[in-house]
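Comments concern the structure below.
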Amino acid sequence: MARPYYVTTPIYYVNDRPHIGHAYSTVAADVVSRYQRLRGNPTYFLTGLDEHGLKIERRAKEERLAPQEFVDRMAAPFRSAWEELDCAHDGFIRTTSAEHRQSVQALWKMMEDRGDIYLDDYEDWYCVGCESFKTVKELLEGNLCAIHRAPVERIKERSYFFRLSNYTKPLLDFYEAHPEFVQPDARFNEVKSFVQEGLRDLSISRTSFRWGVPVPDDEEHVVYVWLDALTNYISALGGPAPEGVAPLYDEFWTSAHTITHIVGKDILRFHAVYWPAFLLSAGVRVPSQIWAHGWLTVNGEKMSKSLGNFLPPGPLVEAFGADVLRYYFMREVGFGQDGDFSHRNLINRYNGELANGLGNLMNRIVASIVKKNLDGRVPRVGLDALEDADRDLIDKAKAASHEAAQHLEALAFHRALDASWELVSAANKYVDSTEPWKLAKQGAQQRLEQVCYTVLETLRWLSIMLFPVMPNKCNELRAQIGMPPLLPTEGVDLWPSAWGGLRPGIETRAATPLFPRLDQLQERSILERLGVDTSGSHAK
RNA sequence: GGGCCCAUAGCUCAAUUGGUUAGAGCCCCCGGCUCAUAACCGGGUUGUUCCUGGUUCGAGUCCAGGUGGGCCUACCA
């Protein structure tokens with residue numbers, strides 16, 4: 001049964017250059033999409049760029065470029081960053097594209113037809129510190145902002161409004177009916193309590209700048225950037241459109257089994273409140289889940305302009321390779337929680353888990369035992385000759401595969417990797433306890449073959465289980481055990497479940513270690529090349 | 001001011017939703033092995049589960065208060 005899966009990243013504001021925060025979101029979405037493809041589900045992975053707004057207009061002027069020229073230049077580094085990180089998106093939406101602009105206007109009209117848009121003068125209290133309007137309820141006595149404890153001002157402007165106030169109840173009902181709409185749960189609580197306060201109509205047009213999508217039939221106004229930006233998720237698919245007009249939209253929006261928006265915690269409200277409200281108004285299907293992940297700090301410090309520590313992913317990919325960086329992102333921090341990106345931890349995990357754990361497991365069997373004693377071929381074995389130790393490892397493989405799949409479904413990447421590494425560890429223990437090198441010396445050929453097959457097949461399982469996170473390394477691993485690269489195919493579930501998929505007789509191809517261990521000299525030179533201070537307290 | 005979440009080993013985190021003696025990885029120490037990338041395997045040390053009180057046969061888990069930390073609290077990121 002086809003279960004179309006749609007996963008998106010936020011569209012990144014092209015005012016910035018790509019940094020590891022962007023990379024983190026994008027890698028997560030890529031892992032989700034690769035997992036879904038492995039399961040045989042039709043999958044669409046969207047990322048893209050938000051290219052409108054006042055800041056862009058200003059930046060372009062500073063650079064003496066037309067806004068379009070400016071965003072075209074800024075878009076290039078994002079495209080190449082995702083290519084370097086092997087984030088294989090199906091779509092790359094840019095909000096300045098003609099298709100997107102049409103979609104925004106189409107959605108606007110649908111909301112307008114519903115009677116949810118009106119033009120009005122708006123006047124309310126405004127906190128300069130917050131740069132936002134405040135309701136009377138939010139103010140402290142004496143008209144003070146609750147956050148800044150400073151007086152608020154009365155401000156008036158003319159704009160189009162969306163009747164968000166009409167959606168307080170529908171949204172709360174929707175949340176009630178979809179208890180996993182927002183993840184993690186704690187974030188969902190924040191969203192609910194925000195809505196429970198009662199929603200106010202939302203200003204959805206601006207006259208203060210021009211660089212945006214014109215409001216239909218009123219060129220004075222441009223569409224509020226968030227309404228513009230959020231529409232990307234359907235405009236990229238050709239929507240909104242009646243059935244039969246836009247095939248991608250029909251498959252991955254209207255009738256998708258799952259629609260997951262991966263977002264940073266800072267933009268949760270727009271996705272969990274405004275976006276579903278807009279869609280409810282327009283009569284369009286609402287996504288399945290909004291997943292708000294946490295922030296990365298860098299070596300314990302917050303990323304900020306003043307510290308100038310926005311790490312671009314490029315040099316890290318160059319130093320460690322895309323797969324290693326992807327692995328680190330997914331392994332180090334629980335998805336949904338804040339975490340730290342630390343060069344030291346990255347190297348520790350590389351050496352401890354990738355090199356010593358997985359890499360060495362493959363190497364000791366493929367490049368050594370099988371090569372020397374079995375002429376490099378996958379042995380022929382019978383399932384009736386299984387011993388307890390073999391059955392035990394097979395059971396562990398099945399348990400790990402099952403667990404990893406469950407965690408990947410739930411976007412609990414760190415737990416999925418945890419489960420996989422329990423299998424790596426079990427396999428290393430198995431090799432130690434069965435002592436294949438002794439079996440070879442004793443001439444216990446049949447037992448030796450059984451043991452080698454069990455480990456090789458375990459490696460085959462791991463090459464699939466880890467594929468969403470490390471596609472290249474997994475294919476390298478597969479090449480070494482004589483398997484072709486994984487080719488996910490719609491309708492075919494490749495996730496390992498049946499033991500014995502590795503064909504006897506095929507030739508393994510021992511090659512260089514998958515993850516060569518870094519010695520202290522190499523570590524230091526990598527860190528120096530990346531400009532990381534190795535003398536300080538972080539480099540213990 | 002209002003609300004949400006968190007606090008468990010030196011570090012990062014678990015603990016099947018109230019059930020035996022609170023676990024795992026990393027780090028450190030000791031031992032074994034020697035097929036392998038100075039890799040691997042085994043063993044060991046470390047706890048006032050933030051504090052005070054309460055409910056209960058039984059509390060890391062539930063309740064109250066406190067302390068400390070993070071987050072949300074209406075647009076242009």
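In what follows, chains are A, B, ... by sequence order, proteins preceding strands, each numbered from 1.
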Determine the contact category for [X]: base if any of its heavy atoms lies under 4.0 Å from a base atom, sugar-phosphate if only primed atoms, P, OP1 or OP2 are that close, otherwise nothing.
| X | answer |
| --- | --- |
| A:Ile365 | nothing |
| A:Gly359 | base |
| A:Pro436 | nothing |
| A:Lys192 | nothing |
| A:Arg349 | nothing |
| A:Phe270 | sugar-phosphate |
| A:Lys371 | nothing |

According to salt bridge (charged side-chain N to carboxylate O under 4.0 Å, His left out), who are the partners of A:Asp418, at least two apart in sequence or on a separate chain?
A:Arg331
Among all residues two or more places apart in sequence or in another chain, which pass the salt bridge (charged side-chain N to carboxylate O under 4.0 Å, His left out) test with A:Arg415?
none
Euclidean distance for [atom1], [N] against [M] (whole angstrom):
| N | M | atom1 | value |
| --- | --- | --- | --- |
| B:G69 | B:C27 | P | 32 Å |
| B:G65 | B:U48 | P | 26 Å |
| B:U12 | B:U16 | C1' | 22 Å |
| B:G60 | B:C6 | C1' | 14 Å |
| B:G25 | B:G70 | P | 32 Å |
| B:G58 | B:C13 | P | 33 Å |
| B:C26 | B:A14 | C1' | 15 Å |
| B:G1 | B:U17 | C1' | 34 Å |

Interatomic distance, [X] [atom1] vs [N] [atom2] [rounded to whole Å]:
| X | N | atom1 | atom2 | answer |
| --- | --- | --- | --- | --- |
| A:Leu199 | B:C72 | CG | P | 18 Å |
| A:His414 | B:C26 | NE2 | C1' | 16 Å |
| A:Glu422 | B:A24 | CD | C1' | 8 Å |
| A:Glu332 | B:C26 | CD | C1' | 10 Å |
| A:Glu353 | B:U12 | CD | C1' | 11 Å |
| A:Leu439 | B:C33 | CG | P | 17 Å |

Sequence neighbours excluded, every pair satisfying ring pair (Phe, Tyr, Trp, His ring centres under 6.0 Å) that has a member inside residues 421-448 of chain A
A:Tyr327-A:Trp421
In short, ring pair (Phe, Tyr, Trp, His ring centres under 6.0 Å) pairs touching residues 341-372 of chain A with sequence neighbours left out are A:Tyr328-A:Phe341, A:Phe341-A:His343
If we check ring pair (Phe, Tyr, Trp, His ring centres under 6.0 Å) with A:Trp226, which of these qualifies: A:Phe278, A:Phe270, A:Tyr274?
A:Phe270
Closest to side chain of [X], choosing from [options]:
| X | options | answer |
| --- | --- | --- |
| A:Arg415 | B:A14, B:C72, B:U37 | B:A14 |
| A:Trp437 | B:C33, B:U37, B:C71 | B:C33 |
| A:Lys265 | B:C76, B:C71, B:C5 | B:C71 |

Check the chi torsion on B:U17 and let me know: syn if it falls within 90° of 0, anti if not.
syn
List every contact pair, protein side and nucleotides 40-43 of chain B side both N or O, where the distance is under 3.5 Å.
residue, atom, partner, partner atom, Å
B:C40, O2', A:Arg364, NH1, 3.2
B:C40, O2', A:Asp432, OD1, 2.5
B:C40, O2, A:Asp432, OD2, 3.4
B:C41, O4', A:Asp432, OD2, 2.8

Would you mind telling me which residue lines up with the more 5' stretch of RNA chain B, A:Asn189 or A:Ile204, judged by nearest nucleotide?
A:Asn189
Reading RNA chain B from 5' onward, which residue's closest nucleotide shows up sooner: A:Val431 or A:Leu54?
A:Val431
Angle class for the A:Phe188/A:Tyr175 ring planes (parallel below 30°, perpendicular above 60°, tilted otherwise)?
perpendicular
Ring-plane angle category for A:His52 and A:Trp211, please: parallel below 30°, perpendicular beyond 60°, tilted otherwise.
perpendicular
Does A:Lys438 put a side-chain nitrogen or oxygen below 4.0 Å from OP1 or OP2 of B:C33?
no
Give the table of side-chain donor-acceptor pairs shorter than 3.5 Å for residues 159-168 of chain A, with sequence neighbours excluded, one pair per line with atom names and distance.
residue, atom, partner, partner atom, Å
A:Ser159, OG, A:Ser203, OG, 2.9
A:Tyr160, OH, A:Asp218, OD2, 2.6
A:Arg163, NE, A:Gly115, O, 3.0
A:Ser165, OG, A:Asp201, OD1, 2.6
A:Tyr167, OH, A:Asp116, OD2, 2.4
A:Thr168, OG1, A:Ser165, O, 3.4
A:Thr168, OG1, A:Leu199, N, 3.1

Evaluate the criterion side chain to side chain donor-acceptor pair (under 3.5 Å) for residue pair A:Asn360 and A:Arg517; output intermediate values, then yes/no.
CA-CA 9 Å; A:Asn360 184 54; A:Arg517 197 183 154 81; over 6 Å; no
Side chain to side chain donor-acceptor pair (under 3.5 Å) with A:Ser420: which residues, sequence neighbours excluded?
none
Pairs in or reaching into residues 179-192 of chain A: which pass salt bridge (Lys or Arg N to Asp or Glu O under 4.0 Å), with residues at least two apart or in two chains?
A:Arg187-A:Glu190
Stem regions touching RNA chain B, defined by at least 3 consecutive Watson-Crick or wobble G-U pairs below 3.5 angstrom:
B:1-7 with B:67-73, B:10-13 with B:23-26, B:28-32 with B:40-44, B:50-54 with B:62-66
A side-chain contact here means heavy atoms from C-beta on lying under 4.5 Å apart; do A:Gln105 and A:Thr231 qualify?
no
